[in-house]
Number of protein chains: 2
Amino acid sequence: MFHMEPEVLERFTWYMREQSALTVMFHARVAEQMGLSATDEKCLDLAMRADGPLTAGRIAELSGLSTGAVTGVIDRLERAGYVRRVRDPHDRRKVLVEVTVGDVDKFGAPFEKARDSLVEVLGHFDDAELEVIERYLQLQIGTFRKRVIDT
Amino acid sequence: MFHMEPEVLERFTWYMREQSALTVMFHARVAEQMGLSATDEKCLDLAMRADGPLTAGRIAELSGLSTGAVTGVIDRLERAGYVRRVRDPHDRRKVLVEVTVGDVDKFGAPFEKARDSLVEVLGHFDDAELEVIERYLQLQIGTFRKRVIDT
DNA sequence: GGGAATTCTCTTACTGGCTAAGATGTTCCA
DNA sequence: TGGAACATCTTAGCCAGTAAGAGAATTCCC
């Protein structure tokens, strides 16, 4: 790895910080738009990004909430029509949380605006540059998850 | 602007989504590490990223909390030693919230790990590539703020 | 200049979500 | 089969949030 100028690192740190703050604001907007609390939206996002349906307990682990709190979260999400409780046929103690909305991106202005914003940004780069950016994003996500989150 | 392949957009959308979720987890880690609630950490972050000291009312606007809630937030942050209340000498109704910790990046493992992660990622790119990535980040932050947040 | 209206923060009463602990129902295994 | 382990739900109590209004300072306007 070659030498990294301190000013470069400082600038990129600022970008990360700014992105981070914008992300928090974005989540607040989405939650408000969907008529959910930040906690409920966060749990719904977890359930939607997962491969299969999550169990209530797994949502508690991932969200950091108690199992009791998750019961309330699922109650509210179910009442709002975003998810459905399904008992796991292989282990009837478990409750699987099935997301009943096809595609989240359909939900509300914030997602549409975010997609439009992404299209506009990507439009400023040619294929070779997009390749660099994509490699950066993949590396950034993988490295951050490994070194910061999964610890 | 040239044609954007749907698969490309889909992949980048996934990256955004993943970054977004990691960011939320990161904030939760930072808050836990600092002994603060998510709300308190969010407000402290607002105060730290601002140019000068913010007023209590401005924090309420930016955070979306009521002014009453912000009073409690500042109470807790002040008790924990992160900020200090200072009456604005030019308008003594106002309460300026001064951050008393020099540099946030000094706080706890999550920030250090995030910086290490960033250094590792950037190390995989040469100067020309970094220039592309930096231009992407600047555009992404500016466009997202303009089209998604400031509305 | 001075009284009224406005602005800013804090206080209060109340609501609602969170945790901890235990209850209920299910599965695993000796 | 019976008991231990497990997954979720329920309950009681607590704490942070909102809304409304009080108190203090400032600005407006005659």
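Chain letters run A, B, ... following the sequence lines, proteins first, then strands; residues in each count from 1.
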query: NA contact type, A:Arg58, heavy-atom cut-off 4.0 Å: base, sugar-phosphate, or nothing?
result: nothing
query: Is B:Ser37 touching bases, backbone alone, or none of the nucleic acid, heavy atoms closer than 4.0 Å?
result: nothing
If you check the [X] side chain, which of [options] turns out closest?
X       : options               : answer
B:Arg85 : D:dT8, C:dC10, C:dC18 : C:dC10
B:Ala69 : D:dG17, C:dC8, D:dA7  : D:dG17
B:Val95 : C:dT9, C:dT6, D:dT8   : C:dT9
B:Thr55 : D:dT18, C:dT9, C:dC18 : C:dT9

query: Looking at A:Arg76, does any N or O in its side chain come under 4.0 Å of the phosphate oxygens OP1/OP2 on C:dC18?
result: yes
message: For a quick test of reading the model: is some side-chain N or O of A:Thr39 closer than 4.0 Å to OP1 or OP2 of C:dG17?
response: no
field: Pairwise 5' ranking along DNA chain C for A:Gly72 and A:His90, keeping only the more 5' one
entry: A:Gly72
- request: Select from B:Leu96 and A:Val70 the residue whose nearest nucleotide in DNA chain C is closer to the 5' end of that strand.
  value: B:Leu96
- prompt: Could you give the distance from CG (A:Leu137) to CE (B:Met16), rounded to the nearest 0.5 Å?
  reply: 5.0 Å
field: Approximate separation, where rounding is to 0.5 Å, of A:Arg49 CZ and B:Ser20 OG
entry: 8.0 Å
query: Between B:Val97 and B:Leu77, is any pair of side-chain heavy atoms under 4.5 Å apart?
result: no
statement: Residues A:Glu98 and A:Pro53: closest non-hydrogen pair is CG-CB, 4.3 Å
field: Side chain B:Thr67 and base C:dC10 donor-acceptor under 3.5 Å
entry: yes
message: Tell me if the side-chain of B:Arg93 makes a donor-acceptor pair with the base of C:dT7, cut-off 3.5 Å, by modelled atom types.
response: yes
Rounded off to whole Å, could you give me the [atom1]-to-[atom2] distance for the [X] and [N] pair?
X       : N      : atom1 : atom2 : value
A:Glu61 : D:dA7  : CD    : C1'   : 11 Å
A:Arg92 : C:dC28 : CZ    : C1'   : 16 Å
A:Glu32 : D:dG17 : CD    : P     : 16 Å
B:Asp75 : C:dT12 : CG    : P     : 12 Å
A:Leu65 : C:dG16 : CG    : C1'   : 15 Å
A:Lys42 : C:dG17 : NZ    : C1'   : 14 Å
A:Ile74 : D:dT10 : CD1   : C1'   : 14 Å
B:Lys94 : D:dT26 : NZ    : C1'   : 10 Å

- request: Establish, from distance only, whether the side-chain atoms of B:Glu134 and A:Tyr15 form a donor-acceptor pair under 3.5 Å.
  value: yes
